[in-house]
Every structure is written in structure tokens, then in C-alpha cells.
Amino acid sequence: MHKIVAVVKRIIYSPWPYIVVVPPLAFYVGILLSNGLWNGWAGLVVALLTTVAIAWLGMRKRDIKSIRTVILIVMALIPIGFSGYLCIPSAPTTVAASEDFPETPTRHWNLPTGSNIAYYHLNGGEAAKEKPALLFLHGGPGGSVSHSDVTFFNQFTSLGYDTYLYDQVGSGRSDFIPAQQYSHQRNIDDLAAVLEKIPNDKVIMVGQSYGSTLLASALADPRISPRVAKAVFAEPGGLPLDLEQSKKYLNEHIPQAGKDSPIKQSVGEKQQESNMSLLVRPRILLGFFLMPTANNFITQEEATNLMGTKELNMHSQSSVCPDDRDSLPPITEKDGLRMNLKANVQVNNYKNYNFDMNAFSNNPTPGMLLIGECTYVNRRTQLAFETAYPAMERVHYFTGLGHHVLETASPGKPSRAFETIRSFIEETPAPMPNYPREQDFKDFMSENK
């Protein structure tokens, strides 16, 4: 018993365990207390002072030239060195100004919500005064309007439709707000304010990915829904329900999927590869998952630059069918595509969703759902839009397309998405089958389409 007590005392009074464990904790506490000042270097100073104090207490009665002392110093340098490594930004900490899109200049709306929003107006000419405007809601969240988006919607100007695209707050060319203020509700409030800036009495809204989630909330909001003439849900990311509500709804309404097809497996692997290319970085893991949202350890500028052209191209390749990856035009800086990952994490906090399912389901605004064959999005969450929204008049399934279902036309290949949206808003016969409807769900899901 005396030997055990002696060993315990020796461990307690030895500097060895403290020199390894305490400095990283001091670094973390230092970051928290300093709000991530200087990319975490303030926390490193706290860790360094702590290490010096522990080392001095452990060595003050020892021969400084002894092997034991040298080993202690080396051990102290390991956590300090790693903490210093964590202070090195993973991306540039300034955001370069983007060039205007060739088709339209960048303009800004100062909204009463406090958001300064960048928007892009494609003029439909004199005929646009008599028609509803088109309003595009981009994905992400935290994503932005890209040149391919502008090119796609520019097709509608020849039909006499004014079209507006805007970067949600904190994304693209829109201004940042404090990180803790990003939320799905903030995006809804901004959308309500954006509508007040559009002169047309009625608006046709097209939501892509998260934009469809935002559109669902808009249709349940009494400030917005009266202005919406028609709603297009393109490759929706999911209804704005918390995880428990979503799971319950899907189990009650949507059949389970069959075994993954090779195409789905390939798409899923590519998306996973795209995500892991960011998450494997220790600084990112620390900044996004172990820090309060308001902490400035990773600034919004750095968070926006984390997905550079390499990462954006990986994500883009996961959004098309495998056979199209090699022919996919590479994303460059001129495409204007950005992703604010801080806004993405905040808005994706499902616990903050406050969705009125009854208001959404009872909305009579005609809707259309577009889904791609090679999507990486959970198919059941997409089909839930059809069951939850009885006013869904048309559903189209695009073979050979993935999450980027709003494809632009190319020589000898018309844009199927453009033709289907055109037929929907002009109330002409659809150029594609109205499929899958609810009676098709069981077979559709069992075949894992």
C-alpha cells in the first residue's frame, strides 16, 4: 500500500504528465478567452507561458544539463509546436473582389434586416412589365450565385421575363454579418425584404438545393406566400424540419430505398471525398466543431476561402453523373462561386428551424419538382416535397443529370430543365413525363432511381 501511495505521489509531483496534457488545454482555453485573436496566436502565448511555468517548476531543483531535463524540454516542444501549427490559416484571410458577370453588373440592396445583399438583374425588356418576375434562390447554405446560374436564367429574358438572382447574406458578393447571426430564419427575413425591392406584383421562385428548403419556408410565411405565383423546387435538399420531425415524416410517407446502384455509390463516394478534403485538416476540426460560433479563431474570410477552385471542382464532380465528370468545364475564379462555411454550419442548425408544415401544405401556389438521376441528396427527403405539398402539379426525373439539374444548353443539346420550367410557367404541355408521382414511389425507390 505504501508503495502504491509513493508511486501516486511521484506521478502527481512529476512534471511529465502536466507538460503533455496541460499546454494543449491552456491553448484551447486561451483561444476561447481571447475569441480566437490573431488566428489563435493569443492562445498559443497562453500555452507557451503555461509550458514555461510547468517546465520551471519541474526543473528548478534539477541539473539543467541532465538527460531527464533535455527529454522534458523536447516533450514540452511537441504540444507547443502542434498548437503553433493550428494557428496557421488553412486558406487566405482576405477575400478577393470578384469581377462582374459578363451578362450583368453586380448591384446591392441594403435591406431593413441589416443585410447588404448583392443581386443580379437580367432585364426581360418591355414585355416583363406584364409578367411575373423570376427569382432564383441558390443553394448551400452559404453558397452563391455562379456564372452557370446566370447563364441558365438568362435564357428566360428572351421570353420577356425579368429575372433576379441574389447572394444570400454572408455569401458570394454579399456582406458578412456576425457569424452567430446566420440562421435559416435570417434568410427567410431577408427574402421577405428582397421581395419588397422587386417591382413585379407576382414572382416565380426557383430554389436549387438549399434554395428549395428556403422556398418551402417562404411558402409557409404570410409575408411572402401571397407574392409567389409559382414555385420550382430543383434538387431540393430537404424540408426545413428538425431531424426528429424529418425522420418521423419520412417513415410515415416515403418508402425505403433499395440497394444502392453502382452510380449512386460512385456519386456518394465522390461527395464523401469532397467533404473529407476539408474535414481532415486539424485546424478546421477545431474551429468548426470545438469552438463557439462567435469565436474568431477561423474568420469568415478564411472560411469562405477554404473551398478553393480545387475543392469546388471536387464538389462539382460529385454533382454530375460519373460519365460526365471528364467533360465537366473546370470551375475558375471567374465563375464567382464561393461557399461561406461558417454561414453553412450556422444555417444548417436544424434545431433552429421553425417550420409551419400546415401552412406549407395548404398553400395553393402551383409547384414543380425537378430531381436528377445521379443526386447525392437523400432521395426520400426530396420526394417528401411532393407528399407534403399537394399543389405540386408536375414532377420531372432527369436521367443523366445529377445535383446540377439546372443545366445550360450546349450545341446539339437543349436544356431540359429550361424547357420544363418554361412549359410550367407558361402552362403548356410538359416535354417530359410527369414522374414519379406518389403511386410510383414504391417502384421508384425499390429500383433506387
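Nothing here was measured: the structure is a model prediction, and the numbers come from that model.
A ring-centre distance under 6.0 Å is not found for Phe153 and Tyr161. Ring-centre distance between His147 and Tyr120: not below the 6.0 Å cut-off.
Under 3.5 Å, the side chains of Ser217 and Tyr353 contain no donor-acceptor pair of N or O atoms. Of the N and O atoms on the side chains of Asp149 and Ser146, at least one donor lies less than 3.5 Å from an acceptor on the other residue. Gln185 and Asp189 share a donor-acceptor pair across their side chains, judged by distance under 3.5 Å alone.
Judged by distance alone, with hydrogens and angles left aside, the side-chain atoms of Tyr249 form a donor-acceptor pair with the main-chain N or O of Ala388 at under 3.5 Å. With hydrogens and angles disregarded, no donor-acceptor distance shorter than 3.5 Å links the side chain of Asn154 to the backbone of Val150. One N or O on the side chain of Arg416 and one on the backbone of Thr399 form a donor-acceptor pair closer than 3.5 Å. With Glu438 contributing its side chain and His253 its backbone, the two residues share no donor-acceptor pair below 3.5 Å. With hydrogens and angles disregarded, no donor-acceptor distance shorter than 3.5 Å links the side chain of Glu235 to the backbone of His404. At least one donor-acceptor pair under 3.5 Å links the side chain of Asp167 to the backbone N or O of Val145. Of the possible donor and acceptor atoms, one in the side chain of Lys202 sits under 3.5 Å from a partner among the backbone N and O of Pro226. Here the side chain of Gln346 pairs no donor or acceptor atom with the backbone of Ala343 at under 3.5 angstrom. In this structure, the side chain of Arg227 engages the main chain of Asp201 through a donor-acceptor pair within 3.5 Å. Side-chain atoms of Ser446 come within 3.5 Å of backbone atoms of Asp443 as a donor-acceptor pair (strictly under, hydrogens ignored).
By the 30° and 60° cut-offs, the orientation of the rings of Phe360 relative to Phe355 is tilted. The aromatic rings of His184 and Tyr210 lie perpendicular to each other, with more than 60° between the two planes, well past the 30° mark.
A 4.5 Å side-chain heavy-atom check between Ile284 and Ile298 finds at least one atom pair inside the cut-off.
Taking a cutoff of 4.0 Å between a charged side-chain nitrogen and a carboxylate oxygen, Glu196 and Arg223 do not qualify as a salt bridge. A salt bridge does not link Asp162 to Lys131: none of the charged nitrogens lies less than 4.0 Å from a carboxylate oxygen.
Paired with Met205 under the rule side chain to side chain contact (heavy atoms under 4.5 Å, CB included), one option of Leu214, Leu191, Leu134 passes, and it is Leu191.
Minimum interatomic distance between Cys87 and Leu44 (heavy atoms only, all atoms of both residues): SG-CB, 4.1 Å. Of all the heavy atoms in Cys321 and Glu373, the pair that sits closest is SG-OE1, 4.4 Å. A pairwise comparison of heavy atoms in Ser209 and His403 identifies OG-NE2, 2.9 Å as the closest pair.
Both tests hold for Arg173 against Phe101: distance to the six-membered ring centre under 6.0 Å, angle to the ring axis within 45°.
For Glu126, the CD atom counts as loosely surrounded, since its 6.0 Å shell holds 12 or fewer non-hydrogen atoms of other residues, nucleotides or ligands. Counting heavy atoms of neighbouring residues, nucleotides and ligands inside a 6.0 Å radius, atom CD of Glu426 exceeds 12 of them.
Residue pairs meeting the ring-ring contact (aromatic ring centres under 6.0 Å, His included) criterion with at least one partner in residues 285-304, sequence neighbours excluded, do not occur; the list is empty.
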